[in-house]
Amino acid sequence: MNNPESMSEDARLSRDFFKRNTVIVAKDLLGKRLVRLENNHRLAGYIVEAEAYRGEEDLGCHAHVGYTPRTRIMYGSAGHAYVYFTYGMHWMLNIVTEQEGFPAAVLIRGIQPCEGLDIISERRKGLPINHWTDGPAKICQAMNINGELNGIDLCAPNAPLFVENGIAGNAISDEYIKTGPRVGLFSVPEPWKSIAWRFILQMEVSDEIIGR
DNA sequence: AGCACGATTAACT
DNA sequence: GTTAATCGTGCTC
């Protein structure tokens, strides 16, 4: 990471980035670029909202039930995709974090599209641009992310899905980051229901801001 | 084998 | 603000 070449703004995030405390990773993912390659298309968007789900202790985390076929991926090594199906119709994208054996992941809840807008608009037909990718299942619809990508390594050289260092290694100032309770945990006991592990980027991400 | 519920979304009143 | 859509997962019988 000390090599200037690896700090270029388009560098893919390494496994070391994800292999840290989940709450920190969730916050640090704000402003990074989520990239999806399919066929000859490149779709991308800046991550503007993310949530941390951390360990069996966290009663909001799927892994609170322990190691099952569904939670298996979260127990694996960092930087892998945990894609799951819910409400009978929606896919959700998470990125596995922390040490192997400790189940945790970051849920990607919102992105600001920046590449492949024609395809994204086609897939989100009829809806206004600000509602194309402002929810976890909407991102998966827009980027064609489904169970086939569950368990893939986002740090592999040929990965069809990965995250790029959108802001050239610079952290975003806390004044632009809003925190709050995670969404949708209706029957989860406290303190997990209210813990402020949701992170939202409050500013519009522009090429100027990220120094391109 | 059956059941309750879900890290949601879109359409509607 | 309310609600239907729709099915995998984990738990109980």
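Owing to the predicted nature of the structure, the values given are computational and were not obtained by experimental measurement. We name chains A, B, ... by the order of the sequence lines, and we start the count at 1 in each one.
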Ring geometry between Phe85(A) and Trp91(A) (parallel below 30°, tilted from 30 to 60°, perpendicular above 60°): tilted
Each stem that DNA chain C is part of, given as range with range (3 or more consecutive Watson-Crick or G-U pairs, under 3.5 Å): B:1-6 with C:7-12, B:8-12 with C:1-5
Salt bridge present between Lys27(A) and Asp174(A) (N-O < 4.0 angstrom): yes
CZ (Arg42(A)) with more than 12 external heavy atoms under 6.0 Å: yes
Got a list of protein N/O to nucleotides 2-8 of chain B N/O distances below 3.5 Å?
from, atom 1, to, atom 2, distance (Å)
dG6(B), OP1, Ser187(A), OG, 2.6
dG6(B), N2, Tyr87(A), N, 3.4
dA7(B), OP1, His62(A), NE2, 2.5
dA7(B), N9, Tyr84(A), OH, 3.3
dA7(B), N7, His62(A), NE2, 2.9
dA7(B), N1, Asn94(A), OD1, 2.5
dA7(B), N3, Tyr84(A), OH, 3.3
dT8(B), OP1, Arg109(A), NH1, 3.1
dT8(B), O2, His90(A), NE2, 2.8

Minimum-distance pair of heavy atoms, taken over all atoms of Asp153(A) and Ala159(A): O-CB, 3.3 Å
Euclidean distance, atom NE2 of residue His131(A) to atom C1' of dA10(B) [Å, nearest integer]: 11 Å
Write down the protein N/O and nucleotide N/O pairs, taken from nucleotides 2-4 of chain C, whose separation is under 3.5 Å; answer none if there are no such pairs.
none

Pair Arg182(A) + Asp58(A), salt bridge at N-O below 4.0 Å: yes
Steps toward side-chain hydrogen bond (donor to acceptor under 3.5 Å, both in side chains) verdict (Glu164(A), Tyr46(A)): CA-CA 9 Å; Glu164(A) 284 179 348; Tyr46(A) 296 107; over 6 Å; no
Row check, Phe17(A) ring normal vs Arg20(A) NZ/CZ: under 6.0 Å, within 45°: yes
Salt-bridge contact Glu49(A)-Arg198(A) (side-chain N to carboxylate O under 4.0 Å): yes
Touch class at under 4.0 angstrom, heavy-atom based, for Arg198(A) against every strand present: nothing
Ring centre gap for Tyr53(A) and His62(A) strictly below 6.0 Å: no
Gap between atoms NZ and C1', on Lys125(A) and dT9(B) respectively (whole Å): 18 Å
Glu98(A) bridged to Arg54(A) by N-O distance under 4.0 Å: yes
Length of the line joining Trp91(A):CH2 and dC7(C):P, which is rounded to integer Å: 12 Å
